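From a predicted model like this one, the values you see are computed outputs, not experimental measurements. In what follows, every heavy atom counts, from backbone to side chain, and hydrogens, waters and symmetry copies are set aside. Just so you know, residue 1 is the first one in the sequence shown, and it goes up from there. Each ligand, and each atom within it, is numbered from 1 in the order the structure gives.
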Amino acid sequence: MNLPFAEPYKIKMVETIKRSTREDREKWIKEAKFNLFNLKSEQVFIDLLTDSGSGAMSDKQWSALMQGDESYAGSSSYYALKKTIKEITGFDYFLPTHQGRAAENVLFSTLITGDDIVPGNTHFDTTKGHIEYRKATAVDCTINEAFDTSIYHPFKGNLDPEKLEKVLKDNPASKIPLIIVTITCNSSGGQPVSMENLQNVHQLAKKYGIKVFYDSARFAENAYFIKTREKQYERKTIREIAREMFSYADGMTMSSKKDAIVNIGGFIGLRDVELFRKASTFNIMFEGFITYGGMSGRDMNALAQGLKEGTDFEYLESRIKQVAYLGQRLKKFNIPVQEPFGGHAIFVDAKRFMPHIPKEEFPAQTLAIELYIAAGIRTVEIGAIMADRDPVTRHNRYPGLELVRLAIPRRVYTNNHMDVVAVALKNVFDKRENIKRGVKITKEAPILRHFTVELERL
Ligand code: F0G
């Protein structure tokens, strides 16, 4: 008999989490204006708001932290990180930043101006925010299959080469400072991009003389999917796959809070020294000197170690299998989820879950609220609230997908927690007819509104 699967680590330290009553949660969510970002973490039992910065560091990372070199310039921690980034990505130049969006800010300050067009596969919200804030336009070139949660496609993060080529053909190259490929694609459900697609994008970009950058927060999970779904990569290691992926890009932005399993940090990786020089000025202005950016020496040390652990196959397998375990449990209950399951999260299709709630009443947010009230589980809406208003018409944008994301922090919860989540969601699903109305917005910021939006139940 084959041995069952188990995590390649054991637990050395634990943190207490608290249950609460339904009554408590009804009161708390009302006080939070029905925005789950406003809840205190102690009001949450299982926190699936994000997999970002919420992972558990290893004993090796904690010991690396103790050896951080806090010199303002030229610290050994910087050089250790530089060496690891070079080994894993192949990029010669790098700039540390305090997190992913800071890397976007520095890079886009260097590259993007008003009127520019930035094609990609469903840009992440902060990425799109940084593009639109500069009065440029993000154009989504994701394949159509990604927008139907019931269709199976192994690489729903892929860009449609025809859609991309149309953008490149219809606009002068001077207006397209870069193409951004998000690996894995968070906004379409943690879906991977195939190596073949990365090669296609690279070829097209070369043909039209455009740069390609990867938004790489979950590049290792993407590499895992290439290894397990793209036949010719079956025997390659995760690191070999990652190196090949990055060989098709001019640079990368990284939120280290995801696949590098640290609680804070980010960086930009670059191939071109000229671009590195230009970006360095913005890094110094916004983040810090180029050998620490927004990070302390100890954080850079933990990050260097985390990059190694995050690209270990056995770790990735246990991580992605845990996400799939939750997905399977939900599927058994007939709960409509994005398939195939994502790398970092399961995405519940709120439109199919509650078809009776109109899009104007934000079904995904409504479901996230109900799940919190039912069991103290915090999730996040990836739908019309997050999509913001159109910057020109100011009308609400209703994206193809209206999802609730159950993001699984790395090395944090056990499958018992996943069971609680699955059953809680089933209980909401069984009584979904009782949810008669959704929510309406009472207060919102002009951009990135989901973080601070205030809502009322209808
Ligand atoms: N790119 C992607 C694909 C992301 O998922 C995120 C963050 C960022 C960039 C920005 O990085 O948070 O370090 O500034 N995603 C988090 C999430 C917040 O919950 O998915 P950051």
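The closest side-chain donor-acceptor pair between S109 and R134 falls under 3.5 angstrom. Side-chain atoms of T184 and R218 form no donor-acceptor pair, as typed in the model, at a separation below 3.5 Å. A donor atom on one side chain and an acceptor atom on the other are not found under 3.5 Å apart for E402 and Y398. Judged purely by distance below 3.5 Å, without hydrogens or angles, the side chains of E104 and T127 pair a donor atom with an acceptor atom. In this structure, a donor-acceptor pair under 3.5 Å is absent between the side chains of Y214 and N222. Side chains of E309 and Q305: a donor on one and an acceptor on the other come within 3.5 Å.
The distance criterion of under 3.5 Å between nitrogen or oxygen atoms is met by S255 with respect to ligand 1. Residue T50 has at least one N or O atom closer than 3.5 Å to an N or O atom of ligand 1. Between N186 and ligand 1, at least one N/O pair is under 3.5 Å apart. Ligand 1 has a nitrogen or oxygen under 3.5 angstrom from a nitrogen or oxygen of G100. At under 3.5 Å, a nitrogen or oxygen of R218, whether backbone or side chain, sits near a nitrogen or oxygen of ligand 1.
Heavy atoms from both the backbone and the side chain of Q99 come within less than 4.0 Å of ligand 1. If you look at R405 next to ligand 1, the close heavy atoms, those under 4.0 Å, all belong to the side chain.
Applying the 4.0 Å criterion to heavy atoms of D215 picks out, from ligand 1, the atoms 1 (N), 2 (C), 3 (C), 9 (C). Taking every non-hydrogen atom of T182 and a distance limit under 4.0 Å, the qualifying atoms of ligand 1 come out as 3 (C). Near K257, meaning under 4.0 Å from one of its heavy atoms, ligand 1 places the atoms 13 (O). Near R101, the atoms of ligand 1 lying under 4.0 angstrom from a non-hydrogen atom of the residue are 10 (C), 11 (O), 12 (O), 14 (O), 18 (C), 21 (P).
What sits closest to atom 10 (C) of ligand 1 on the protein, heavy atoms only, is T126 OG1, 3.5 Å. Among protein heavy atoms, atom 7 (C) of ligand 1 sits closest to K258 NZ, 2.5 Å.
A donor-acceptor pair under 3.5 Å is formed between the side chain of D140 and the backbone N or O of T122. A donor-acceptor contact shorter than 3.5 Å links the side chain of R243 to the backbone of E87.
Among E104, H98, K128, the residue whose heavy atom lies nearest to atom 9 (C) of ligand 1 is E104.
Counting heavy atoms from C-beta outward, N144 and K163 have side chains that approach closer than 4.5 Å.
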